[in-house]
Amino acid sequence: MSSNNPTSSDATAVVELHSAIETPENVVLTYRMAGPALRLWAYLIDTVLRGMVLFVAFITAIVAELAIEGVPFGIWLLLLFMMEWGYFAICEGFFRGKTIGKHAMNIRVIREAGYPISFWSALLRNFLRAADMLPLYGIGFITAVVSGKFRRLGDLAAGTVVIEERKVRLPREPIILEKIQPLSRSDIGTYVPPHRTLAVIEEFLQRRFVLTHQRGHELAAHLAAVLSRKLNFQGEANFVEEYPMAFLARVYVTFHPTLNREADEDLGGSAADLQPVFAGGKG
Amino acid sequence: MISQRDFRRQRSGDWARFEALIHKIDNNGWKKLSGSEASEFSRLFRETCHDLSIVRTRDWGTGLTSYLNELVTKGHNIFYKSPPTRSRDFVTFVSSGFPRVFRRNIWFFLAASALFFLPLAITWVVVQNRPELAARILPAQQLDMMEEMYAEAEFEEYDASRAAMGGFYVRNNVGIALRCFAMGVLLGTGTVYVLLTNGIILGAVSGYIVGMGHGDNFLSFVVSHGSFELTAIAVAGGAGLILGDAIVHPGRQSRIDSLRTRGLEAVQIACGAAVMLMVAAMIEAFWSPAPIADGIKYAGGALLWLLVILYLSLAGRGEVAE
């Protein structure tokens with residue numbers, strides 16, 4: 001599946017538990033497989049739940065036996081059968097790959113191509129549980145470790161994987177960039193940092209709030225030193241060494257097309273004017 | 001070129017809207033969606049896909065990429081929903097789907113039947129002639145208990161407890177059949193083992209009871225539900241053998257691909273066997289022990305065997321699929 005995927009070779013995100021697929025919209029999606037611990041927790045939650053339902057039903061059946069002999073136990077045994085063989089398949093088949101335990105652990109069963117699991121796949125996947133669970137899920141665990149993408153026998157046969165769904169929020173915008181002073185043109189040379197460098201700075205600034213101030217400066221120092229050399233920075237002495245984060249932010253603002261109004265005035269905002277500088281900087 | 005910042009400002013409204021729609025569908029399902037919302041969803045899905053490609057190619061940071069990746073992933077899972085399962089599908093499955101897929105794989109059923117019925121017949125004949133041999137297969141107490149059960153004509157009370165027995169038969173027999181199917185994924189070995197052991201034990205018990213002289217009581221009891229029950233065990237075994245064969249003889253596919261394509265047929269056969277066993281359980285609970293003359297039970301049993309054969313060989317013939 002990933003062999004005909006054009007970006008799989010250079011997509012750095014493909015590490016053991018990640019898998020990439022290409023959708024009909026020609027977009028590459030990466031999934032994070034749910035590991036053994038999450039799946040075990042989900043299974044334990046489901047097992048406790050099923051046990052509780054069966055226990056309550058059993059008590060009810062004992063009471064009901066007084067009224068109609070035989071029938072309540074018959075129904076209870078049918079319920080026991082459904083819990084043993086039907087619970088997982090019905091939940092996954094009808095609730096788009098989720099049991100209650102999986103819902104609690106935020107994991108979901110999907111077909112390997114990203115599509116929702118079908119009823120028959122859910123049935124196959126969970127009937128084969130009977131083989132996977134032999135000695136204490138030993139077969140399932142070993143298969144999952146060997147097969148890649150952590151698939152047990154039921155997953156291999158049904159063509160499914162279990163993925164982790166995380167709540168991801170739109171990352172915060174780097175704050176107060178408007179108030180940051182661009183570097184003065186007289187302090188720097190003709191070098192223009194490439195887009196990728198600016199993107200790295202931007203992402204760094206976005207995630208700055210998860211780092212301590214000191215660690216932030218440590219991380220920023222490397223790039224700041226290289227950039228100040230390339231830019232031939234002539235400003236305040238020790239500024240780069242002492243406040244590398246601030247320096248990166250100022251570099252970012254300086255070369256940002258809409259944030260730096262000064263640059264627009266200097267260069268007339270024309271792309272044609274920018275081009276030679278850009279090319280020269282690169283060469 | 002537009003900057004990451006401006007791009008986000010332009011698009012984040014749509015993303016938030018898309019997120020809200022996904023949330024709504026996750027909680028309330030498709031059906032609560034209005035027409036305009038549905039078309040809005042598909043438009044936003046395509047646009048977000050496009051946004052994700054842009055962000056990927058321009059390297060606009062892992063934070064934004066994983067956010068959009070998550071949105072598109074969820075959208076993809078909703079957009080390409082499998083066809084819904086309806087109760088009508090179950091009826092078509094029983095009336096034509098299952099017998100058809102069964103007949104397409106008839107050779108596996110025949111192989112499983114040989115593995116099940118041959119040992120059954122052989123042990124039956126051997127043990128019936130020399131009942132003392134049964135002790136080599138089953139513990140003596142169990143045999144005594146069985147013999148006692150069938151010693152009298154009315155061996156079980158026919159009362160309300162039949163319903164509880166029905167539940168027990170469903171759980172026990174369907175469990176055996178499904179386990180027999182599932183073990184097929186271990187290269188077929190598990191299925192072969194379950195079929196052989198069940199065949200030998202059933203043969204030994206039958207031979208012992210008939211050999212001890214309770215033939216009429218026993219046969220009139222088992223003849224009816226045996227039709228669905230024994231056939232269904234072999235049907236489930238055949239499905240298990242398909243799984244094993246898919247891995248051992250994958251043909252031009254990879255072994256996993258072969259298991260995947262043929263597993264989908266096998267599970268339908270196993271599911272059909274489960275339905276047959278539920279029918280058998282009801283017969284075993286309510287008809288087989290009924291206080292009726294043996295002659296009527298034999299006639300009913302013969303009719304049921306005929307029904308099983310006709311069902312598996314004729315149902316769903318001639319109709320056009322879909």
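To find a chain, count down the sequence lines: A is the first, B the second, and so on, and within it residues start at 1. Side-chain atoms are counted along with the backbone in the values below, which use heavy atoms only and exclude waters and symmetry mates.
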Q) Can any side-chain N or O of B/N77 pair as donor or acceptor with the backbone N or O of A/I110 at less than 3.5 Å? A) no
Q. Are the side chain of B/N69 and the backbone of A/T30 linked by a donor-acceptor contact shorter than 3.5 Å?
A.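 Side chain of B/N69 to backbone of A/T30: a pair is present.
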Atom group of [X] that falls short of 4.5 Å from chain B, counting heavy atoms:
X      : answer
A/I75  : neither
A/R129 : neither
A/R125 : neither
A/I139 : side chain

Q. What residues form a salt bridge (charged side-chain N to carboxylate O under 4.0 Å, His left out) with B/R43, not counting sequence neighbours?
A.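 B/R43 satisfies salt bridge (charged side-chain N to carboxylate O under 4.0 Å, His left out) with B/E47 only.
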Q: State which residues pass salt bridge (charged side-chain N to carboxylate O under 4.0 Å, His left out) with B/E265; sequence neighbours excluded, sorted by chain then number.
A: B/R104
Q.
Is any side-chain heavy atom of B/L243 closer than 4.5 Å to one of A/L128?
A.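 Side chain of A/L128 against side chain of B/L243, heavy atoms only: contact under 4.5 Å found.
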Q. Do A/L124 and B/F181 come within less than 4.5 Å of each other through their side chains, counting heavy atoms only?
A. yes
**Q.** Interface residue of largest heavy-atom contact number with chain A, from B/G190, B/A266, B/G175, under 4.5 Å
**A.** B/G175
Straight-line distance of [X] [atom1] to [Y] [atom2], nearest 0.5 Å:
X      : Y      : atom1 : atom2 : result
A/L77  : B/R171 : CG    : CZ    : 7.5 Å
B/I256 : A/D155 : CD1   : CG    : 11.0 Å
B/L178 : A/E84  : CG    : CD    : 10.5 Å

Heavy-atom pair of closest approach, residues [X] and [Y]:
X      : Y      : answer
A/F73  : B/A164 : CB-CB, 4.0 Å
A/L156 : B/R260 : O-NE, 3.6 Å
B/R179 : A/A130 : CG-CB, 4.3 Å
A/A131 : B/V185 : CB-CG1, 3.6 Å
B/C271 : A/W120 : CB-CZ3, 3.7 Å

For [X], is it the side chain, the backbone, both, or neither that has a heavy atom closer than 4.5 Å to a heavy atom of chain A?
X      : answer
B/R56  : side chain
B/I78  : both
B/L52  : side chain
B/L186 : side chain

Q: For the residue pair A/Y115 and B/Y80, categorise the inter-ring angle as parallel (less than 30°), tilted (30 to 60°) or perpendicular (more than 60°).
A: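 Perpendicular.
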Q. With a cut-off of 6.0 Å (strictly less than), are more than 12 heavy atoms of other residues, nucleotides or ligands near OH of A/Y87?
A.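 More than 12 heavy atoms, drawn from other residues, nucleotides or ligands, come within 6.0 Å of this atom.
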Q) Just wondering, are more than 12 heavy atoms of other shown residues or ligands nearer than 6.0 Å to OH in A/Y137? A)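 Yes, because the 6.0 Å sphere around OH of A/Y137 holds more than 12 heavy atoms from other groups.
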Q: Considering only NZ, NE, NH1 and NH2 on the basic side and carboxylate oxygens on the acidic side, decide whether A/E165 and B/K74 come within less than 4.0 Å.
A: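 Salt bridge: no.
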Q. Is the distance between the ring centroids of A/W76 and B/F168 under 6.0 Å?
A.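 Centroid distance A/W76-B/F168: not below 6.0 Å, so no.
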Q: Could you please spell out the steps behind the side-chain contact (heavy atoms from CB on, under 4.5 Å) verdict for B/V174 and A/W85?
A: CA-CA 9 Å; B/V174 182; A/W85 290 96; 5.8 Å; no
(Q) Apply side-chain contact (heavy atoms from CB on, under 4.5 Å) to residues B/H76 and A/L29 and explain how you reach the verdict. (A) CA-CA 10 Å; B/H76 182 70; A/L29 294 180; 4.2 Å; yes
